[in-house]
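The structure displayed is predicted, hence computed values, not measured ones. In the text below, chain A, chain B and the rest are named by the order of the sequence lines, each starting its count at 1. FYI, side chains are in, hydrogens and waters are out, and symmetry mates aren't considered; it's all heavy atoms of this structure.
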Protein chains: 2
Amino acid sequence: MPVTIYDVAREAGVSMATVSRVVNGNPNVKPTTRKKVLAAIEQLGYRPNAVARGLASKRTTTVGVIIPDISSPFFAELARGIDDVASMYKYNIILCDSDGKIDRELHITNTLLEKQVDGIIFMGSEITEEHMQVFTTSPVPIVLAGTKDPTGQLPSVDISHLEAGYDATQFLLNEGHTRIAMVTGPLAEPLVGMQRFEGYKKALSDAGINMKDSYVYNGDYRYESGLSAANQFLSLIEKPSAIFCASDEMAVGVIHGIQDQGFKVPEDYEVVGFDNIRLAEMVRPRLTTVMQPMYDIGAVAMRLLTKYMNGEKVENHIVILPHRMEERQSTKKTGGQ
Amino acid sequence: MPVTIYDVAREAGVSMATVSRVVNGNPNVKPTTRKKVLAAIEQLGYRPNAVARGLASKRTTTVGVIIPDISSPFFAELARGIDDVASMYKYNIILCDSDGKIDRELHITNTLLEKQVDGIIFMGSEITEEHMQVFTTSPVPIVLAGTKDPTGQLPSVDISHLEAGYDATQFLLNEGHTRIAMVTGPLAEPLVGMQRFEGYKKALSDAGINMKDSYVYNGDYRYESGLSAANQFLSLIEKPSAIFCASDEMAVGVIHGIQDQGFKVPEDYEVVGFDNIRLAEMVRPRLTTVMQPMYDIGAVAMRLLTKYMNGEKVENHIVILPHRMEERQSTKKTGGQ
DNA sequence: CTGAAAGCGCTAACAA
DNA sequence: TTGTTAGCGCTTTCAG
């Protein structure tokens, strides 16, 4: 039988209220009694029951985190940012993998709400009507990380995927390329995969270049689809001269696919990735990529959530963090810049 | 004001006890009343309060997970295994990054216990006296994943790092090498880094080869230390001909270090890694490595924990999962095998 | 098969 | 500065 606040109170010769006060750092306690209580706590090895506290106070100092896949380097880095800021603010994280399945996401949200989390951070590629329905009726604040809500109602922290896609393509255009291919993410994701692709199309059209369907390979962010994409592109009569990939993993796949056929990067083909995960520095040639501040997205999302949980007024509920081109060896050195 | 079990009871015209029964799937409820209650729940949009339930039942269906760094591919994969099995058994995970700092590990353990988790899974490289002191007095079961307790008291799931180190070295020995270098992990980790190194030493000594200090580079599992290790080894008068690395990241670093100096892997130097993270397949040459079942370690650890939480008797509290050599292109094809 | 009632351990007024 | 006293929302005997 564990020791309760009541045991401590008796041992210290005070009331539970007083014990509660010292445990919670309430200043209204005479130093002498505080000392007595502390001694009793020490002596008995008292450990406050957070569940009871949660029930009485209606705050659990726990937030729920819904993530598609914690074993993905991208999301793992985001999660790290979330956890670091959370622990800074004394919150704990209930982490749930959703596998990106909508029904699981919804179900998890509900479980988290049952557990009385003080807030939720949601990562996922798509925000459907159903999501909106659940999220907007949530009794606690929910912020999106690495995605955004199409209607702009929900708080979110993300980059501009469209601009990022545009910039990457532009970068290649500036190198003098006209035959630029793209390995996209799943286009079923309207807010991420599709946006990056839109950026690519826009850059091309702004440059007066017609997009060729044969220069677009629909990937799934994974290494293997980069490999296949390279094979497809290299089998074309008129091959592209540069390839923009919607993820670093695919970019590395593309590079290897190219190298396996005896060509060189960047001499024969230039390749640009997306994300800037650690892998980008662990390949040869090292990968030129769109740097996305993953850790910061998580950290800022969590910080934002703390504000909502504290009832603070938030000026800007949609945060767009900056991205930038990280130039390495998979592209040729541009003259200027 | 959220709807409570009491509201449902009134709406359905029954007692709270009955509502509780149907919510918990207790069979002792007449189908008719069950239907009535379900209707009321639906109608009111009732969502059970897990905190209240936890206080009353003394079970939270939540387990704590202490992890050095969720952004490490190795631990992320373990975490995935844990989470999958946890959700299979309807548990949620409170995930806490410890940064491998002992005081944080201890502090987190305490917080988790305050939150009344039903069990804990601990990942970390070292188990000190202090850990033992805290873990053995825990009111809930604790299982170690990816490490083990030196005294053999605590339940754990791991591989044999010593044997794995031995096998990797042996593998290189079988290829005819006599000058085998090793890039170790931190030797301050007695149960992981040191064990792999011990395996290396043992294999060498069993083969009648004297270990040379200049062939040992003390790394930290990261890519950069592989790079430095390669530089050190290649600057030796008598260079090693094969290098065994205690992590895949370091192995990739070593390979790049070698390639950067104009040499080839495996032609000039053979390299073996450790872990078999996804990266191992995403480099050229693809990495021969010691495959460690990371996902399974997590999954089995969680499964083991469920048994303890259910009060089931466990025959074998120390589980050693198999490892194996995964032969790829960073080593030459051996004739036999 | 159902209801009444006693807590679970703590917080938060409210008094004193 | 401290104590008293209600609950928080639910589970769980124990009766019936």
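At the heavy-atom level, A/Val14 lies under 4.0 Å from the strands shown only through sugar-phosphate atoms. If you check every strand for non-hydrogen atoms under 4.0 Å, A/Val51 touches nothing.
Taking atom CE of residue A/Met16 and atom P of nucleotide C/dA13, one finds them 15 Å apart after rounding to whole Å. Rounding to whole angstrom units, CZ of residue B/Arg21 and P of C/dC1 are separated by 11 Å. Atom-to-atom, CD1 of A/Ile5 to P of D/dT5 comes out at 17 Å; the value is rounded to the nearest Å. Residue B/Arg59 contributes atom CZ, which lies 15 Å from atom C1' of D/dC10 at whole-angstrom precision. Computed from coordinates, the A/Glu114 CD to D/dC8 C1' distance equals 17 Å when rounded to whole Å. Rounding to whole angstrom units, CZ of residue A/Arg10 and P of C/dG9 are separated by 13 Å. Taking atom CG of residue B/Leu55 and atom C1' of nucleotide D/dT12, one finds them 13 Å apart after rounding to whole Å.
One finds no side-chain N or O of B/Lys58 lying less than 4.0 angstrom from the OP1 or OP2 phosphate oxygen of D/dT12. Using a 4.0 Å cut-off, some side-chain N or O of A/Thr18 falls inside it from OP1 or OP2 of D/dG3. Between A/Arg53 and C/dT11 there is a side-chain N or O to OP1 or OP2 distance below 4.0 Å. The side chain of B/Asn49 places no N or O atom within less than 4.0 Å of a non-bridging phosphate oxygen (OP1 or OP2) of D/dC8.
The pair A/Arg10-A/Asp7 counts as a salt bridge, with a side-chain nitrogen and a carboxylate oxygen less than 4.0 angstrom apart. Ion pairing between A/Asp99 and B/Arg80 holds under the 4.0 Å rule for side-chain N and carboxylate O. With respect to the salt-bridge test (charged N to carboxylate O, under 4.0 angstrom), the residues B/Asp296 and B/Arg303 do not qualify.
A 6.0 Å sphere centred on CD of B/Glu42 holds no more than 12 heavy atoms belonging to other residues, nucleotides or ligands. In the displayed structure, B/Glu312 atom CD is contacted under 6.0 Å by more than 12 heavy atoms of other residues, nucleotides or ligands. At most 12 heavy atoms of other shown residues, nucleotides or ligands fall within 6.0 angstrom of atom CD in B/Glu130.
Judged by distance alone, the side chains of B/Lys115 and B/Thr62 never bring a donor and an acceptor atom under 3.5 Å apart.
Nearest nucleotide to the side chain of A/Ser15, out of D/dT4, C/dG3, D/dC10: D/dT4. Each of D/dG3, D/dC8, D/dT11 was ranked by its minimum atom distance to the side chain of A/Ala56; first place goes to D/dC8.
Taking a 4.0 Å limit (strictly below) on heavy-atom distances, residues 26-47 of chain B reaches DNA chain D at B/Tyr46.
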